[in-house]
Colleague: 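Dropping a structure here in structure tokens format, bear with me for questions.
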Amino acid sequence: MRFSGQHLLAVAPAGKPDFGAITRIGFSAWVRVARFDQYNEIFRKEDGDRRVLFSFQEDGRILSLGLNVNGYVECDAPIDPSRLLDGDWHHCAAAFDGRALYH
């Protein structure tokens, strides 16, 4: 797939995953970045106060995993955006094992 601009995949209410009782979760994505904005979401789900987020932030200087685990928290990994702007595909991954968030 090639995306340009802003895209959103809407899921019917019956098909919505419920992230309210997350015990473990992992995200993995291959990205080919043409440019960075302040926020560049790979995945985001807003469900009241139960946000789930996997995104590049701060113009590509941060890869963030955000979850509502006893309150909303983000685990931010610093990255060098120039390494991702080379026209190649890059693998991004993050996980929550029930105790800690990892990139």
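We use all heavy atoms of the structure for the numbers below, so side chains are in, but hydrogens, waters and symmetry mates are not.
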Colleague: Return the set of residues passing side-chain contact (heavy atoms from CB on, under 4.5 Å) with Leu85 (not counting sequence neighbours), or none when no residue passes.
Modeller: Val33, Phe36
Colleague: Are Phe54 and Phe27, when compared by the centres of their aromatic rings, separated by less than 6.0 Å?
Modeller: yes
Colleague: Using side-chain hydrogen bond (donor to acceptor under 3.5 Å, both in side chains) as the criterion, list what pairs up with Arg61, not counting sequence neighbours.
Modeller: none
Colleague: Looking only at heavy atoms, what is the nearest atom pair of Trp30 and Trp89, with distance?
Modeller: O-CZ3, 3.6 Å
Colleague: Taking the side chain as every heavy atom from C-beta outward, state whether Phe56 and Cys92 have any atom pair closer than 4.5 Å.
Modeller: yes
Colleague: Sub-3.5 Å donor-acceptor pair from the side chain of Asp76 to the main-chain atoms of Ile62, do we have one?
Modeller: no
Colleague: Any side-chain heavy-atom pair from Arg51 and Arg44 closer than 4.5 angstrom?
Modeller: yes
Colleague: Taking the side chain as every heavy atom from C-beta outward, state whether Val31 and Leu84 have any pair of such atoms under 4.5 Å apart.
Modeller: no
Colleague: If I compare all heavy atoms of Gly60 with all of Pro81, which pair ends up nearest, and what's the gap?
Modeller: O-CB, 3.5 Å
Colleague: Please report the closest heavy-atom contact between Glu74 and Ser64, naming both atoms and the distance.
Modeller: OE1-OG, 3.3 Å
Colleague: Nearest 0.5 Å please: distance from the CG atom of Leu53 over to the CD1 atom of Ile42.
Modeller: 9.0 Å
Colleague: Check side-chain hydrogen bond (donor to acceptor under 3.5 Å, both in side chains) between Asp86 and all other residues, then give those that pass, not counting sequence neighbours.
Modeller: His90
Colleague: Identify, with sequence neighbours excluded, every residue that meets salt bridge (charged side-chain N to carboxylate O under 4.0 Å, His left out) alongside Asp37.
Modeller: Arg35
Colleague: Could I get the full list of salt bridge (charged side-chain N to carboxylate O under 4.0 Å, His left out) partners for Arg83, not counting sequence neighbours?
Modeller: none
Colleague: Checking Glu58 now: which residues fulfil side-chain hydrogen bond (donor to acceptor under 3.5 Å, both in side chains) with it, not counting sequence neighbours?
Modeller: none
Colleague: Do the side chains of Tyr39 and Leu63 join up, straight or via other hydrophobic residues, at under 4.5 Å, putting them in one cluster?
Modeller: no
